[in-house]
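Predicted, not measured: the structure shown is a model, and the values here were computed from it.
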Amino acid sequence: MENFSGKSIFRGIAIGKILFNSKNQRQVRRSKIDNIEAEIARFEEAKEKASQELSVLYDKALKEVGEDNAAIFEVHSMMLDDDDFNDAIIDKIKNQLVNAEYAVAKTGDDLSEMFANMEDEYFKARASDMKDISERVISKLTGEDSAVLLKEPSIIVAEDLAPSETIQLDKDKLLAFVTELGSSNSHTAILARTMNIPALIGIKINTKWNGKLAVVDGYSGNLIIEPDEKTLDKYLKIQKDDLEKRELLKELKGKDTITKNGKKVNLFANIGKPSDLTSVLENDAEGIGLFRSEFLYLGSKDFPTEEEQFSAYKKVAETMGSKKVIIRTLDIGADKQVDYFNLGHEDNPAMGYRAIRICLSQQNIFKTQLRALLRASAFGNISIMYPMIISVNEVKQIKEIVKNIMEELKTEGIDFNDNIEQGIMIETPAAVIMSDELAQEVDFFSIGTNDLTQYTLAVDRQNPKLENINDTHHPAVLRSIKTVIENAHKAGIWAGICGELGADTSLTETFLSYGIDELSVSPTFILPVRKAIRDSETINN
């Protein structure tokens with residue numbers, strides 16, 4: 001028996017045989033061609049097949065893990081269609097008379113190296129994406145399928161896993177995964193949490209483990225190879241207890257989310273598209289605390305019309321009935337790039353031209369969305385939330401735009417809720433510091449802990465080198481949350497959390513002691529968080 005320690009990114013116990021996923025280090029041979037046009041045609045055909053495969057993966061990810069996680073395949077599709085990528089490949093075929101496989105591999109390596117050498121961490125991350133895309137096209141040229149086939153329930157062990165590899169795995173046979181590289185906030189890690197799969201990172205892997213029985217302990221972060229009988233019995237019991245606890249959680253459906261001391265907390269769900277409503281209702285969410293509207297833009301080849309947006313918002317509002325639905329306005333930019341926005345290159349996109357900054361500078365886009373939202377408010381309990389706010393001036397600009405649109409709708413005789421709640425996301429240190437003044441201008445705060453943590457600590461959450469200091473429990477983050485809640489209550493408005501930290505049940509009592517009014521989490525976390533709240537006896541400080 002051997003025991004190896006890593007970092008857990010999703011709690012749980014998995015027991016099964018290891019399947020070692022060795023990256024396909026295919027050696028692409030360079031060969032001289034005679035027919036340039038035929039070779040270019042081969043490349044174009046392979047590229048089209050790769051594009052179709054990415055479309056299938058996007059749809060699969062939308063269904064299984066939601067729009068935010070599926071967005072990576074939109075990024076891959078855009079990179080596949082990039083002119084620099086395609087022109088470089090065709091240029092090599094024409095001028096060097098080389099086979100398409102070599103042209104794709106060399107171009108992929110060159111661009112990947114270029115990205116890897118950039119200072120900005122966002123673009124560094126594109127290096128692995130470029131390798132993923134190149135490998136996909138090459139596999140279509142060679143006829144080799146790079147997907148991992150699970151013939152039996154298995155624990156996947158790999159140096160690293162790309163999001164596309166993770167989503168292609170058979171979820172019914174994937175017990176857990178263990179990687180040497182990666183961070184707890186990588187796309188693959190987020191996919192694991194969304195799919196409820198125990199996962200460990202930071203473990204020095206060994207190919208000799210292939211086929212051996214192992215235990216993944218997502219509580220302690222340990223990987224146990226060939227456990228002895230006593231250890232195996234221990235983990236089988238823990239696994240059985242976990243299953244029983246999950247069954248008990250189902251009994252909480254229909255129950256109030258209220259502490260033992262009688263404090264009511266609104267427990268809402270985060271979603272990325274209307275089709276997520278099924279999961280919202282199945283898990284008994286009390287409302288929707290974050291409806292990301294980006295799906296309308298990411299899934300379109302042009303700006304979505306007012307009618308298209310109105311139809312989507314109306315559907316969600318009507319489905320939820322009297323329950324609150326908080327819709328976040330457009331949050332494009334940073335890691336969510338859309339070609340037709342023509343945003344251009346930025347050295348630091350996470351702090352760049354994104355979200356409300358786009359909306360206030362391109363008000364035609366913003367006004368179209370706001371009209372659709374206000375019209376949909378006549379069909380349910382809709383609230384509007386604005387992301388990436390840093391100043392009172394921004395909020396005043398927004399309110400003036402909304403006021404003008406309301407006057408237009410009244411003139412046109414179109415119904416809407418003229419008392420619609422308007423709130424902002426608190427996800428920057430500036431918003432925290434200004435939260436006392438901001439609270440005078442809005443109806444609610446929703447704290448986006450993912451970005452707030454990143455900006456407060458000056459730590460790129462996608463950078464695995466910073467994993468040891470990317471502390472979501474950092475006192476500065478928790479003090480910021482407490483300050484925001486206090487300032488909200490002083491102004492007579494409510495405050496919630498819609499970032500991943502809201503689902504961290506180790507902090508539930510802390511948030512309750514701060515006086516939190518609402519928590520919005522992924523639908524699968526609704527019942528565990530409800531249990532944590534109902535088990536709490538904490539009262540406000």
Rounded to the nearest 0.5 Å, the CZ atom of Arg534 sits from the CG atom of Leu267 at a distance of 11.5 Å
Can you tell whether the side chains of Lys324 and Glu518 come within less than 4.0 Å, N to carboxylate O? no
Under 3.5 Å, side chain of Thr483 to main-chain N/O of Arg479, donor-acceptor pair present? yes
Can you find a heavy atom in the side chain of Val392 that is under 4.5 Å from one in the side chain of Leu438? yes
(Q) Checking Ile414 against Arg371 for the side-chain contact (heavy atoms from CB on, under 4.5 Å) test, could you report, in this order, the C-alpha distance in whole Å, the side-chain angles of both residues, the deciding distance, and whether it holds? (A) CA-CA 10 Å; Ile414 297 175; Arg371 278 183 61 93; 4.0 Å; yes
Taking every heavy atom of Ser506 against every heavy atom of Asp504, the minimum-distance pair comes out as OG-OD1, 2.5 Å
- prompt: Less than 4.0 Å between a side-chain N and a carboxylate O, is that true for Glu247 and Lys250?
  reply: yes
Distance-only, no hydrogens or angles: does the Arg530 side chain make a donor-acceptor pair with backbone N or O of Asp284 under 3.5 Å? yes
Q) Does the side chain of Thr257 come within less than 4.5 Å of Leu519's, by heavy atoms? A) no
On the 0 to 90° scale, with breaks at 30° and 60°, tag the Tyr313-Phe291 ring pair as parallel, tilted or perpendicular. perpendicular
task = Decide yes or no for Met425 and Asp331: does some side-chain heavy atom of the first lie under 4.5 Å from some side-chain heavy atom of the second?
result = no
Enclosure of Lys245 NZ (heavy-atom neighbours >12, cutoff 6.0 Å):
no
Tell me whether Arg357 at atom CZ has more than 12 heavy atoms from other residues, nucleotides or ligands lying less than 6.0 Å away. yes
Rounded to the nearest 0.5 angstrom, the CD-NZ distance for Glu441 and Lys399 is 4.0 Å
Minimal heavy-atom distance between Ala372 and Gln309, with the atoms involved, is CB-CB, 3.6 Å
*Quick check: does any side chain N or O of Lys482 sit under 3.5 Å from a backbone N or O of Thr510, one acting as donor and the other as acceptor?*
no
Does any N or O in the side chain of Asn270 come within less than 3.5 Å of the main-chain N or O of Gly499, such that one atom is a donor and the other an acceptor?
no
Is any side-chain heavy atom of Phe416 closer than 4.5 Å to one of Ile382? no
In Ile288, Val280, Asp276, the residue satisfying side-chain contact (heavy atoms from CB on, under 4.5 Å) with Val316 is Ile288
Kindly say whether Val432 contributes a backbone atom to a donor-acceptor pair with the side chain of Ser480 at under 3.5 angstrom? no
The reported gap from CG in Asn283 to CG in Leu252 (rounded to nearest 0.5 angstrom) is 11.5 Å
Closest non-hydrogen atoms of Gly515 and Lys263, given as atom of the first, atom of the second and distance, are O-NZ, 3.8 Å
Check whether any side-chain N or O of Asp436 sits under 3.5 Å from a backbone N or O of Asn487 as a donor-acceptor pair, and report yes or no. no
Scanning both residues in full, the closest heavy-atom pair of Glu421 with Ser383 reads OE1-OG, 3.1 Å
Quiz item: With a 4.5 Å limit on heavy-atom distance, are the side chains of Tyr219 and Pro198 in contact?
Solution: no
- Ignoring hydrogens and geometry, is there a side-chain-to-backbone donor-acceptor pair from Asp82 to Asp84 under 3.5 Å? yes
Tightest non-hydrogen contact, residues Gly502 and Val529, listed as O-CG2, 4.1 Å
- Message: Let's go through Met434 and Val395 carefully: what are the C-alpha distance in whole Å and the side-chain angles of both, what is the deciding distance for side-chain contact (heavy atoms from CB on, under 4.5 Å) to 0.1 Å, and is it a yes or a no?
- Response: CA-CA 12 Å; Met434 297 300 297; Val395 177; over 6 Å; no
Note: Phe444 and Ile326 closest approach over all heavy atoms is CZ-CG2, 3.8 Å
Other residues, nucleotides, ligands: >12 heavy atoms within 6.0 Å of Lys253 NZ: yes
Rounded to the nearest 0.5 angstrom, the OG1-NE2 distance for Thr453 and His473 is 9.0 Å
Value for CG (Leu373) from CD1 (Ile405), rounded to nearest 0.5 Å, stands at 9.5 Å
Discussion item. Between Gln362 (side chain only) and Cys359 (backbone N and O only), is there a donor and an acceptor less than 3.5 Å apart?
Written reply: no
Practice item. Would you mind reporting whether Thr472 and Glu500 have side-chain heavy atoms less than 4.5 Å apart? Key: no
task = Check for a donor-acceptor pair, side chain of Ser520 on one end and backbone N or O of Ala269 on the other, with a separation under 3.5 Å.
result = yes
In this structure, CG of Leu478 is separated from OH of Tyr514 (nearest 0.5 Å) by 4.5 Å
field: Flag if over 12 foreign heavy atoms under 6.0 Å of NZ, Lys264
entry: yes
- request: Answer whether the closest heavy-atom distance between the side chains of Val442 and Gln422 falls below 4.5 Å.
  value: no
field: Full working for side-chain contact (heavy atoms from CB on, under 4.5 Å) between Asp59 and Phe73
entry: CA-CA 9 Å; Asp59 291 340; Phe73 301 111; over 6 Å; no
Under 3.5 Å donor-acceptor, Asp443 side chain and Gly423 backbone
no
Note: Arg354-Asp451 ion pair, threshold 4.0 Å (strictly below): yes
- Taking only Lys NZ, Arg NE, NH1 and NH2, and the carboxylate oxygens of Asp or Glu, determine whether Asp242 and Arg246 approach each other closer than 4.0 Å. no
Pair Tyr455-Glu427, side-chain hydrogen bond (donor to acceptor under 3.5 Å, both in side chains): steps then yes or no: CA-CA 8 Å; Tyr455 296 138; Glu427 49 192 334; over 6 Å; no
Could you check whether atom NZ of Lys315 has more than 12 heavy atoms from other residues, nucleotides or ligands sitting under 6.0 Å from it? no
- Taking 4.0 angstrom as the limit, do Arg375 and Glu412 come out as a salt bridge? no
Worksheet entry | Lys/Arg N to Asp/Glu carboxylate O, Glu408 vs Lys367, below 4.0 Å | no
Q) Would a 4.5 Å heavy-atom cut-off, applied to side chains only, mark Leu501 and Phe511 as touching? A) yes
Could you walk me through whether Leu330 and Phe366 pass the side-chain contact (heavy atoms from CB on, under 4.5 Å) check?
-> CA-CA 8 Å; Leu330 175 65; Phe366 195 30; over 6 Å; no
